[in-house]
Amino acid sequence: MKVLQISINQPVKYLQSGQFSAELGWKHHQMTHREDTEVIIGLSGRVFLQVSGQKYTVETGDILVIFPWETISGYLETIKPSEFIWFHFDAGMVVLSDHNHHMVQEQTDKHIYLPRFFHLIAGEKAVISAKQLLDVAHSQYSVKSAADYATSMLLIELANNYWQQRQDISGKQNYINQIKEWIRVQMGRDLKVTDIAKQFAINADYLTRIFKENTGMTVKEYMNMVKLDNAKYLLLTTSDSIQEIASQSFFEDPKYFMRLFKKKVQLTPRQYRLAYTHTFLNNQQVDPGVDIHFLVQSVENSRLPTNRDKNQR
């Protein structure tokens, strides 16, 4: 992947900018750049853009960079109203380099690096900076270079967001852990992926993708796992009925709860209770104050169910 190396020894030259609202059925016209570079920041919806023969879908929080002398066009019409911020600048001599992780890691106060396409993580500051650029660029300032400095600051903010992602690979895992913890705390709500994405100010499709990449399960599967862990704990520690436990674990339909439990655990809730309760009550290493998932997993790992357990009704 190519990255754009921009010198920041002095401010870049601001050219033009705007916030575009694309109605249903809009398609970007074909346009070829000269020495200028364009950056597109997705705000909402989804636009379909092609740059030098490569197709990109720009959604909320996505950044697309069109390098000098490249051609941009739309390859599909929008399927819902969409918005994005765009701005053009001239950085003088820019360098296109093959993506080099070490190079980006060594980002200095002389150069910044922007890849062709990436997604902002916790990008509120970048969006605010972009809106500030629009305000500065379309207002009257006695200092003519005000927009140049605002553009440079926005580029630094975007490059820093990308640098942080590349510099700390574990950062994404920490981010996923925050999402998982929030889901666990909000377990009693009828959560949808869009609710979680809104809470963390990211695109729902992007959330789905990175969650699957980092956990090996979908968001829905994780939410069900949290509920099932709670149900397991109640099966081990109470004499409540299966219907009561389903309700306390936030399953509206007891039959769905029992089907899901059997599918995931390979035992019915009653079989699980019979197989593991004694082990749980006699396991002195399990602290009921710790993570429920860790608790029930410890018990399950300490005793594998036998065929006799599975046949009990």
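When side chains are defined from C-beta on, M31 does not count as touching I66, because their heavy atoms never get closer than 4.5 Å. By the 4.5 Å heavy-atom criterion applied to side chains, F117 and Q54 are not counted as neighbours. Annotation: side chain of V39 is in contact with side chain of F89 (closest heavy-atom distance under 4.5 Å). When side chains are defined from C-beta on, T194 does not count as touching K198, because their heavy atoms never get closer than 4.5 Å. Using a 4.5 Å cut-off on side-chain heavy atoms (C-beta onward), F250 and L191 make no contact. You'll find the side chain of W69 reaches within 4.5 Å of the side chain of R34, heavy atoms only. In this structure, the side chains of T78 and E23 stay at 4.5 Å or more apart for every pair of heavy atoms. Counting only heavy atoms from C-beta outward, the side chains of S17 and H138 approach each other to under 4.5 Å.
We find the CZ-CD distance between R184 and E181 to be 4.0 Å, quoted to the nearest 0.5 Å. In this structure, CG on L134 lies 9.0 Å from CH2 on W86, to the nearest 0.5 angstrom. Separation of atoms NZ (K264) and CZ (R259) is listed at 13.5 Å; rounding is to 0.5 Å. Taken from CD in E124 to CD in E157, the straight-line distance is 10.5 Å, to the nearest 0.5 Å. Distance check, rounded to the nearest 0.5 Å: CG of L154 to CD1 of I41 gives 5.0 Å. Taking CD1 of I156 as the start and CG of N160 as the end, the distance is 9.0 Å to the nearest 0.5 Å.
When every heavy atom of N161 is checked against every heavy atom of I121, the shortest pair comes out as ND2-O, 3.0 Å. Between Y75 and Y56 the shortest heavy-atom distance is CE2-O, 3.5 Å. Contact between D195 and W182 at its shortest, heavy atoms only, is O-CH2, 4.5 Å. Considering every non-hydrogen atom in both A159 and I112, the closest pair reads CB-CB, 3.7 Å. For Q248 against N230, the heavy-atom pair with the smallest separation is O-ND2, 3.5 Å. L120 and A126 get closest at one heavy-atom pair: CD1-CB, 3.9 Å.
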Given side chain to side chain contact (heavy atoms under 4.5 Å, CB included), test H33 with F67 step by step and report yes or no.
CA-CA 8 Å; H33 288 249; F67 303 140; over 6 Å; no

Apply side chain to side chain contact (heavy atoms under 4.5 Å, CB included) to N224 and F251, showing your working.
CA-CA 9 Å; N224 280 334; F251 288 99; 3.9 Å; yes

Assess the residue pair Q5 and V3 against the criterion (side chain to side chain contact (heavy atoms under 4.5 Å, CB included)); give the C-alpha distance rounded to whole Å, side-chain angles, the decisive distance to 0.1 Å, and a yes or no.
CA-CA 6 Å; Q5 177 182 291; V3 296; 6.0 Å; no

Output, in order, the C-alpha distance, side-chain angles, deciding distance and verdict of side chain to side chain contact (heavy atoms under 4.5 Å, CB included) for I72 and I40.
CA-CA 11 Å; I72 179 175; I40 292 175; 4.0 Å; yes

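Taking the six-membered ring for Trp and thresholds of 30 and 60 degrees, H119 and Y206 have nearly parallel ring planes, at less than 30 degrees apart. The aromatic rings of Y272 and F261 sit perpendicular to each other, their planes meeting at more than 60°, with 30° as the lower class boundary. Using the six-membered ring where Trp is involved, W26 and F20 have ring planes that are tilted, between 30° and 60° apart.
Hydrophobic clustering keeps I8 apart from L15 (ILVMFWY residues linked when any side-chain heavy atoms are closer than 4.5 Å, directly or through intermediates). Note: the hydrophobic cluster containing L234 also contains L267 (ILVMFWY, side chain heavy atoms under 4.5 Å, direct or indirect links). When hydrophobic clusters are built by joining Ile, Leu, Val, Met, Phe, Trp and Tyr residues whose side-chain heavy atoms come closer than 4.5 Å, directly or via intermediates, F200 is grouped together with I176. Tracing side-chain contacts under 4.5 Å through hydrophobic residues (I, L, V, M, F, W, Y), one never reaches M153 starting from I128; they form parts of separate clusters. Linking ILVMFWY residues whenever their side-chain heavy atoms come closer than 4.5 Å, directly or via other members, leaves L24 and F84 in distinct clusters.
The backbone N or O of K212 lies less than 3.5 Å from no partner atom in the side chain of T218, so there is not a single donor-acceptor pair. No side-chain donor-acceptor contact under 3.5 Å links T57 to the backbone of F48. A donor-acceptor pair under 3.5 Å is absent between the side-chain atoms of D229 and the main chain of V226, judged by distance alone. In this structure, T215 contributes its side chain and M217 its backbone to a donor-acceptor pair below 3.5 Å. Of the possible donor and acceptor atoms, none in the side chain of S145 sits under 3.5 Å from a partner among the backbone N and O of D148. Put simply, the side chain of S152 gets close to the backbone of V12: a donor and an acceptor are under 3.5 Å apart.
Remark: of the listed residues L236, L235, T268, L235 is the sole one forming a side-chain contact (heavy atoms from CB on, under 4.5 Å) with R273. For the side-chain contact (heavy atoms from CB on, under 4.5 Å) with S82, the qualifying choice from V58, T60, V47 is V47, the only one to do so.
The neighbour count for Y149 OH, taken as heavy atoms of other residues, nucleotides or ligands under 6.0 Å away, does not exceed 12. For CD of Q10, the number of neighbouring non-hydrogen atoms (other residues, nucleotides, ligands) closer than 6.0 Å is 12 at most.
Counting Ile, Leu, Val, Met, Phe, Trp and Tyr side chains that sit under 4.5 Å apart, directly or through other members, Y141 shares a hydrophobic cluster with V136.
Note on residues 40-69: pairs passing salt bridge (charged side-chain N to carboxylate O under 4.0 Å, His left out), not counting sequence neighbours, are R46-E59, R46-D205. Every pair tested for salt bridge (charged side-chain N to carboxylate O under 4.0 Å, His left out) that includes a residue from residues 125-140 fails, sequence neighbours excluded, so the list is empty.
Salt-bridge check for R116 with E70: passed, with a basic side-chain N closer than 4.0 Å to an acidic carboxylate O.
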